[in-house]
Amino acid sequence: MKRDILLHMRSMSKHYPGVQALDSVDFDLFAGEIHALVGENGAGKSTLTKILAGAEQSDSGTIEVSGRTIAIREPADARRLGIGIIYQEFKLVPELSVAENIFLGDERRFLRHGFVRFSLMHAEASKVLSRLGETIDPVLPVRKLSVSQRQIVEIAKALSNHVRILAMDEPTASLTDREVENLFAVMRNLKTDGVGIIYISHRIEEIFRIADRITVLRDGKLIHSCPVAEADSEMLVKWMVGREADREAHQWSPKGIAPSQRREILRIENLTSDRVHGISFGLDRGEILGLAGLTGSGRTELVRLIFGAERRSSGRIVVDGREVSVRSPGDAIKAGIGLLTEDRNLDGLVLQMSILENITLSSLSDVAFGPFVNGSKERRAASELVRRLRIKTRSVETPVETLSGGNRQKVVLGRWLMTQCNILIFDEPTAGIDIAVKREIHALIRGLASEGRGIIVISSELPELLQLCDRIAVLCDGIVAGILTREEATQERLMKLATSYA
Amino acid sequence: MKNLYQSFGIGFALLVEIAIFSALSPHFFTTDNLLNVMLQISITAIVAVGMTFVILTAGIDLSVGSLMAFVGVVATSMLKLDLRLEYAFPLAMLAGLLLGAASGLIAGTLVTRFRITPFIVTLALMTIWRGLAFVYTEGRPVWELPEAFALLGNGRTLGIPNPTIVMIVVFVTAYVVLSHTRFGRYIYAIGGNPEAARLAGIGVKRIVTQVYVVCGVLSAASGILLASRMNSGQPNAGIMYELDVIAAVVVGGTSLFGGRGTVTGTFLGSLLIGVLRNGLNLLNVGSYVQQVVVGVVILLAVLLDQWKKR
Ligand SMILES: Nc1ncnc2c1ncn2[C@@H]1O[C@H](COP(=O)(O)OP(=O)(O)OP(=O)(O)O)[C@@H](O)[C@H]1O
Ligand SMILES: [Mg+2]
């Protein structure tokens, strides 16, 4: 099969203050090919796609599309050339509807006598969404969607146009298995239509399933490029991090805490709101409890209720045997409960503040003397976490908005590691985090548990839960469909429970 | 040129301004005149500090000018109570400052608990305080005040005008609060991303309310100084001050969207506008033309700020 070179980016370089994000990288893409772009957090993957999208300008290098050298100065240029982008950090407008977001900047398609025909737009939006196997109401404002639904809208937006080149920057970071399957089916269809796809993901197994070729970046440099058949996951990790990775992160013996200390630290009784109904469970010191379920099953809602981020209509929260009144996140933190939320940009980080300020935001009282923040103490604590989490940055003063997606995630994680909370809830803790650091974060979470804290983890990746948790509670339609122990849990049984009422 | 501007920002613009006026007028760069400029900006600059706090939380306070007048007439009228001055004086000051705090508390509560936008809340308070100032005085200024009161705003300590000393103390304190305390850090966090701040455990409503109280108290202090400068309580004092104050804050680089800005910027912004007015006066530029020039300079300063960010 002879294939045409669709896209050729030659010696692309991009410098940001303090970092060479791209250092003369060559990248090409054939029609009808899925080309995976992999690398550690901050390796330069998103930067390459942003340049292709016209959202950033390269310092040097040329871009050829179908053999013609072209200039992409702004996103409209890219759109005209048939280039579609799914951004890692969402670019949706929260107040606009799903349909309006999908067709943002492209409303002219629906003009009749100078007015936008919304009925047409909604019908068209539903059509695009159904290609992805989704039934999100196109009239809803994006603000009301879950993170994975927002991701779907972001994908739909890229597909709404007739694209020849599609760059997908971590489209699956917050999707559940079923949604990933639907997405892959769509990608295979596009492929047969001759679309070239650039696919960025930290989920290694996905890459081996879907990609034809792999290109590895490290510190902005091209390290290796080869057909997927010539690589395996160990080699891939080695190329990414530049050294042999520890084969399996520290062996984990479940409940590594003495039985005498295994008292219950948290008990939820009958927790109820609009979307979850009568949820009860307990959590022991030293235990890691997983929450599984499909999108919309109420996992995020449940943990937000426990944390006081949303109002519950009834139910009790018992910490260390005493009922606590949790009316706000502040109350929750005082009771020793911390929550890492699922969308770092929306409600996790204050983007214009520095890494340092974001890390210490919830524990300022620990580094303060009365009302005064002790600058050197604060800096020491934050620097320690930056080192431990390997946040790629020149200094702790760097504004978080200039960090890559994965490094942003590490900053929020750092904030909760710094608090003295004995109950830590992580909603998608490793979304967008590279494989090497992911192993470290798993080890870290286990470490927190063995210190005697109680941990709750939500993950849309079942293998992650199976690897990490002592027990896994499965939610379905806002109800606990079942709780499985580590020994009982398998991917099939979890899936079965997750769809038990559907 | 761009690099130079980027490192010094508004300070650079200020230097250019000073250089121009020094060249054009022999009376400009003298100790007396510079102290005079400082005195002239003191009253608005003190309020601008409070306004900086409010704007950092992505709010706005339009009530400051009216509040100054209301506090002014209430405090001066208390000086005329049949009491010995040792008692009446502190009592009047205290009442004025409490009034300012109460105004801030009302604004903050309406903004945070009743979720009315700051613009509307303080617009309403602006007309309410102005109206009450007239109602309270029946439209007549409060005259014939004890001599000691005039000293507060017109006297000097160690050769420096008293309002300027108050201004310096307020700026230094505000600087420390914003950059070295938890309260200050929370203000930036709330302005930058209120939902993230709430989920980090910050009592957003409490902090925002406190910020309006700070602005109210500083406006009250300014209102008292203004009354003392005029040696009377004028119900129509401070009309349109809110706009001068907001201009100083914005020229100083604080973002109206919240989360970005410093009091150092606000100080330089106040100075930039103050020096401009003073210089134009020395050059005998008429007040109508002055208004135009000040407006143009405000636009230029904000444009330069945009350019700097690029
Ligand atoms: N606007 C910016 N200003 C300064 N530095 C930036 C900016 N955007 C990106 N960078 C830096 O460029 C480097 C590459 O970032 P990029 O977002 O391309 O990484 P990535 O490979 O997509 O990582 P991740 O897997 O975490 O998403 C990082 O060191 C990042 O901090
Ligand atoms: Mg990225």
Side-chain angles (χ1 to χ4, degrees), chain A residues 94 143 303-304 307-310 326-354 356-375 378 399-401 411-412 415-416 418-419 421 425 427, chain B residues 2-3 6-7 53 55-58 112-113 115 117 172-211 213-214 253-262 265 305 308-310:
Chain A
R143 169 171 55 82
V303 294
R304 286 176 66 94
F307 186 59
E310 252 151 74
V326 175
R327 297 251 219 60
S328 69
D331 290 347
I333 293 171
K334 258 179 239 132
I337 305 174
L339 168 69
L340 176 114
T341 57
E342 65 175 334
D343 188 336
R344 52 183 173 257
N345 296 313
L346 189 75
D347 55 21
L349 295 164
V350 183
L351 290 175
Q352 65 254 51
M353 296 209 327
S354 65
L356 172 98
E357 291 168 322
N358 271 288
I359 286 183
T360 58
L361 198 57
S362 296
S363 17
L364 272 186
S365 48
D366 298 335
V367 291
F369 178 76
F372 297 102
V373 177
N374 179 337
E378 181 186 28
V400 168
E401 59 197 343
V411 173
V412 221
R415 176 189 304 158
W416 292 109
M418 190 172 159
T419 62
C421 290
I425 309 174
D427 196 348
Chain B
K2 180 164 178 182
N3 275 338
Q6 262 174 347
S7 349
F53 278 53
I55 293 182
L56 278 176
T57 66
T112 57
R113 312 276 159 185
R115 293 163 189 267
T117 55
V172 171
T173 313
Y175 175 79
V176 173
V177 167
L178 280 184
S179 46
H180 294 293
T181 68
R182 287 194 273 165
F183 181 57
R185 188 69 61 78
Y186 292 158
I187 289 174
Y188 282 103
I190 291 168
N193 187 343
E195 186 59 9
R198 185 176 79 96
L199 294 179
I202 298 171
V204 174
K205 292 181 178 173
R206 186 170 46 87
I207 301 281
V208 170
T209 307
Q210 287 169 356
V211 160
V213 170
V214 167
T254 297
S255 160
L256 286 173
F257 298 110
R260 293 182 209 257
T262 59
D305 203 46
K308 183 175 123 187
K309 283 194 196 107
R310 216 165 284 150

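Owing to the predicted nature of the structure, the values given are computational and were not obtained by experimental measurement. Values below: all heavy atoms of this structure, side chains included; hydrogens, waters and symmetry mates excluded.
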TODO: Please look at A:F307 and chain B and tell me whether the side chain, the backbone, both or neither of the residue comes under 4.5 angstrom of a heavy atom of that chain.
DONE: side chain
TODO: Against chain B, label A:A309 side chain, backbone, both or neither, depending on which of its atoms sit under 4.5 Å from a heavy atom there.
DONE: both
TODO: Let me know if B:V176 has heavy atoms under 4.5 Å from chain A in its side chain, its backbone, both or neither.
DONE: side chain
Open item on the list: Taking side chain as everything from C-beta outward and backbone as N, CA, C, O, which of these in A:N345 sits under 4.5 Å from a heavy atom of chain B? Side chain, backbone, both or neither.
Closed with: backbone
- [ ] Would you indicate whether the side-chain heavy atoms of B:Y188 and A:M353 approach each other to under 4.5 Å?
- [x] yes
- [ ] For chain B, find which of A:V373, A:L339, A:V412 contributes the most heavy-atom pairs closer than 4.5 angstrom.
- [x] A:V373
Task: Side-chain ion pair, B:R185 and A:E378, N-O less than 4.0 Å - done: yes
Open item on the list: Report which part of A:L351 has an atom under 4.5 Å of a heavy atom belonging to chain B: side chain, backbone, both, or neither.
Closed with: neither
Task: Structural part of B:I202 lying under 4.5 Å from a heavy atom of chain A - done: side chain
TODO: Answer with side chain, backbone, both or neither: which region of A:L349 has an atom nearer than 4.5 Å to a non-hydrogen atom of chain B?
DONE: backbone
Task: Ion pair check, A:R304 and A:D347, cut-off under 4.0 Å - done: yes
- [ ] May I ask you to decide whether B:E195 forms a salt bridge with A:R143, counting only side-chain N to carboxylate O separations under 4.0 Å?
- [x] no
TODO: Check each atom of A:R344 against the heavy atoms of chain B and say whether the ones under 4.5 Å are side chain, backbone, both or neither.
DONE: neither
Open item on the list: If you count every heavy atom of other residues, nucleotides or ligands that lies below 6.0 Å from B:F183 atom CZ, does the total exceed 12?
Closed with: yes
Open item on the list: Return the CD1 to CZ distance between B:I207 and B:R182, rounded to the nearest 0.5 Å.
Closed with: 9.0 Å
Task: Check: A:W416 and A:I359 side chains under 4.5 Å, non-hydrogen atoms - done: no
Open item on the list: To the closest 0.5 Å, what do you measure between NZ (B:K205) and CZ (B:R113)?
Closed with: 5.5 Å
TODO: Return yes if some donor-acceptor pair links the side-chain N/O of A:D427 with the main-chain N/O of A:V303 below 3.5 Å, else return no.
DONE: no
Task: chain B interface, residue from A:L361, A:I333, A:V367 that has the most non-hydrogen pairs under 4.5 Å - done: A:L361
Open item on the list: At a 4.5 Å cut-off on heavy atoms, which part of A:S328 comes close to chain B: side chain, backbone, both, or neither?
Closed with: neither
Task: Most chain A-contacting option - heavy-atom pairs closer than 4.5 Å, from B:G192, B:G259, B:A196, B:G201 - done: B:A196
Open item on the list: Which one wins on heavy-atom pair count under 4.5 Å against chain B: A:G308, A:S365, A:S362, A:P329?
Closed with: A:P329
